[in-house]
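The structure appears below as structure tokens.
For ligands, and for the atoms within them, numbers begin at 1 and follow the listed sequence.
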Amino acid sequence: MINQELIIKAAQMISESQYVVAFTGAGISAESGISTYRDKGGIWDKYPEGSSGGIMSVISNHPEDAPQILMGVFRSLKDAAPNPGHNALVELEKMGYLRSVITQNIDNLHREAGNKQVLELHGNALRLRCLECGKQQIYEREPYFRMMTGLISQTGPFSIQEMIKSLPLCKCGGHTRLDAVTFGEAVQDYPMAQKEAQACDMMLILGTSGVVYPAAAMPDYALSKGAKLIEINPKKSPFTKNCDIFLEGKTGELLPEIVIALKNILRC
Ligand code: NAD
Ligand code: ZN
């Protein structure tokens, strides 16, 4: 079946759903200029140990490369803006279909696009968390990443400890850290995300390789309660075999087409 027929079928299935939840990964932000880690040219492509140990293991194995690695990540986050894929999810929420977005992304783009119910399993890189009182504070993208790239270029021999010492202090006087989850740390928002995955009757699986656990369990929760699954990805994933529809392509192109098809169905 060609994509256009699948797009109409996907829209039809969404129109028949009561409770749609989106589960998103790095792929949905690729068209915003933020590289995925695993694809060609991504960080794990260059430093394969990151795939099992995360960015902190890459930094500790290659301290000489750390400033350039972090600079690359922060620069792409600084310049990013929501793309048509993020915006389509906002439309689906406004139309009353999409109830929540469960994301593995740390880029704040779902919130910036305008989705109201966003669960961030791996935290948010635009947020700092106090190491003393736990208070979280979210910052404006551009000045925040300007500060971050400034801190990296100031540090002599690179040290995360030195960087943390330079971050803004909390109101309580405590030092802060980035509120993003690194490998081995507990994920955030998990109980709520699990509840949403079990409550939905349709899950959209968007731009995720499905290999990072426990996040990757979300489609299984949905499936165990009988939800239908639609996946959009240029490549097949471990989820594909369980999906009712697999749309091979980019979320920034296909999600807006699904929204158009859905509006056409509603007009009929
Ligand atoms: P991943 O890098 O493992 O996989 C990305 C997936 O996106 C792949 O399956 C790829 O085929 C697909 N993809 C690439 N371009 C796409 C497009 N235009 N449209 C749709 N799909 C596309 O990413 P992951 O599964 O999210 O896991 C990696 C972890 O790294 C995440 O948990 C996240 O914390 C972190 N990460 C976050 C960001 C971000 O915040 N934007 C970016 C990179 C990595
Ligand atoms: Zn504090």
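- Residue contacts with ligand 1 for Ala26 involve both N, CA, C or O and side-chain atoms from C-beta outward (heavy atoms, distance under 4.0 Å).
- Counting protein heavy atoms only, atom 25 (O) of ligand 1 is closest to Thr208 OG1, 2.8 Å.
- Ion pair Glu112/Arg141 flagged as a salt bridge, since at least one NZ, NE, NH1 or NH2 atom sits closer than 4.0 Å to an Asp/Glu carboxylate oxygen.
- In this structure, the side chain of Asn105 does not engage the main chain of Asp107 through any donor-acceptor pair within 3.5 Å.
- Within the 3.5 Å criterion, the main-chain N or O of Ala81 finds a donor-acceptor partner in the side chain of Ser32.
- Of the heavy atoms in Ser29, only side-chain atoms (C-beta onward) come closer than 4.0 Å to ligand 1.
- Between the side chains of Thr208 and Gln104, a donor-acceptor pair is found at a separation under 3.5 Å.
- Under 4.0 angstrom from ligand 1, the non-hydrogen atoms of Ile34 all belong to its side chain.
- Taking atom 6 (C) of ligand 1 as the reference point, the nearest protein heavy-atom neighbour is Gly207 O, 3.4 Å.
- Residues Ala215 and His122 come closest through the heavy atom pair CB-NE2, 4.1 Å.
- Closest to atom 14 (C) of ligand 1 among all protein heavy atoms lies Asp39 OD2, 3.5 Å.
- For the ligand labelled ligand 1, residue Ser237 lies outside the 4.0 Å heavy-atom shell.
- Atoms of ligand 1 found under 4.0 Å from any heavy atom of Val212 (numbered from 1 in listed order, with element): 27 (O).
- Remark: the backbone N or O of Gly123 is not paired with any side-chain donor or acceptor of Asp179 at under 3.5 angstrom.
- Between Phe74 and Phe145, the ring planes are tilted. Angles from 30° to 60° get that label.
- Of all atoms in ligand 1, listed by their number and element, those nearer than 4.0 Å to a heavy atom of Gly25 are 26 (O).
- With sequence neighbours excluded, no residue forms a side chain to side chain donor-acceptor pair (under 3.5 Å) with Tyr97.
- For Glu31 (side chain) and Gly252 (main-chain N/O), a donor-acceptor pair under 3.5 Å exists by modelled atom type.
- There is a path of hydrophobic side-chain contacts, each under 4.5 Å, that joins Val21 to Phe239.
- Judged purely by atom type and a 3.5 angstrom limit, Asn115 has no side-chain atom pairing as donor or acceptor with the backbone of Gln117.
- At a heavy-atom distance under 4.0 Å, atoms from both the backbone and the side chain of Thr251 approach ligand 1.
- Residue-environment remark: NZ (Lys135) exceeds the threshold of 12 foreign heavy atoms within 6.0 Å.
- Note on Glu120 versus Arg127: salt bridge recorded, some NZ/NE/NH1/NH2 to OD/OE distance being below 4.0 Å.
- Gln104 O, 3.1 Å is the protein heavy atom nearest to atom 33 (C) of ligand 1.
- Of all protein heavy atoms, the one lying nearest to atom 1 (P) of ligand 1 is Ser209 OG, 3.6 Å.
- Nearest approach of Ser209 to Pro238, heavy atoms of both residues: O-CD, 3.1 Å.
- In terms of protein heavy-atom proximity, atom 13 (N) of ligand 1 is closest to Gly27 CA, 3.5 Å.
- Within the protein, the N, O or S atoms lying under 2.8 Å from the Zn ion (ligand 2) are Cys130 SG, Cys133 SG, Cys170 SG, Cys172 SG.
- For ligand 1, the atoms lying closer than 4.0 Å to a non-hydrogen atom of Glu31 are 17 (C), 18 (N), 19 (N).
- Between Tyr221 and Tyr190, the ring planes lie perpendicular to each other; the angle is over 60°, past the 30° to 60° tilted range.
- Comparing Phe239, Tyr213, Tyr37, Phe183 against atom 44 (C) of ligand 1, the shortest heavy-atom distance belongs to Tyr37.
- Below 4.0 Å from some heavy atom of Ser35 lie the following atoms of ligand 1, by number and element: 42 (C), 43 (C).
- Between Ala80 and Ile34 the shortest heavy-atom distance is CB-CD1, 3.7 Å.
- Every N/O-N/O distance between Lys250 and ligand 1 stays at or above 3.5 Å.
- The protein atom (non-hydrogen) at minimum distance from atom 11 (O) of ligand 1 is Asn233 OD1, 2.6 Å.
- Contact annotation for His122 and ligand 1: only side-chain heavy atoms (C-beta onward) come within less than 4.0 Å of the ligand.
- Taking every heavy atom of Ile106 and a limit of under 4.0 angstrom, the matching atoms of ligand 1 come to 39 (C), 40 (O).
- No option in Ile230, Ile258, Val101, Thr24 other than Ile230 meets the side chain to side chain contact (heavy atoms under 4.5 Å, CB included) test with Leu204.
- Residue Val211 places no N or O, backbone or side chain, under 3.5 Å from any N or O of ligand 1.
- In terms of protein heavy atoms, atom 37 (C) of ligand 1 is closest to Asn105 OD1, 3.9 Å.
- Within the listing of ligand 1, atoms 15 (N) sit less than 4.0 angstrom from a heavy atom of Ala30.
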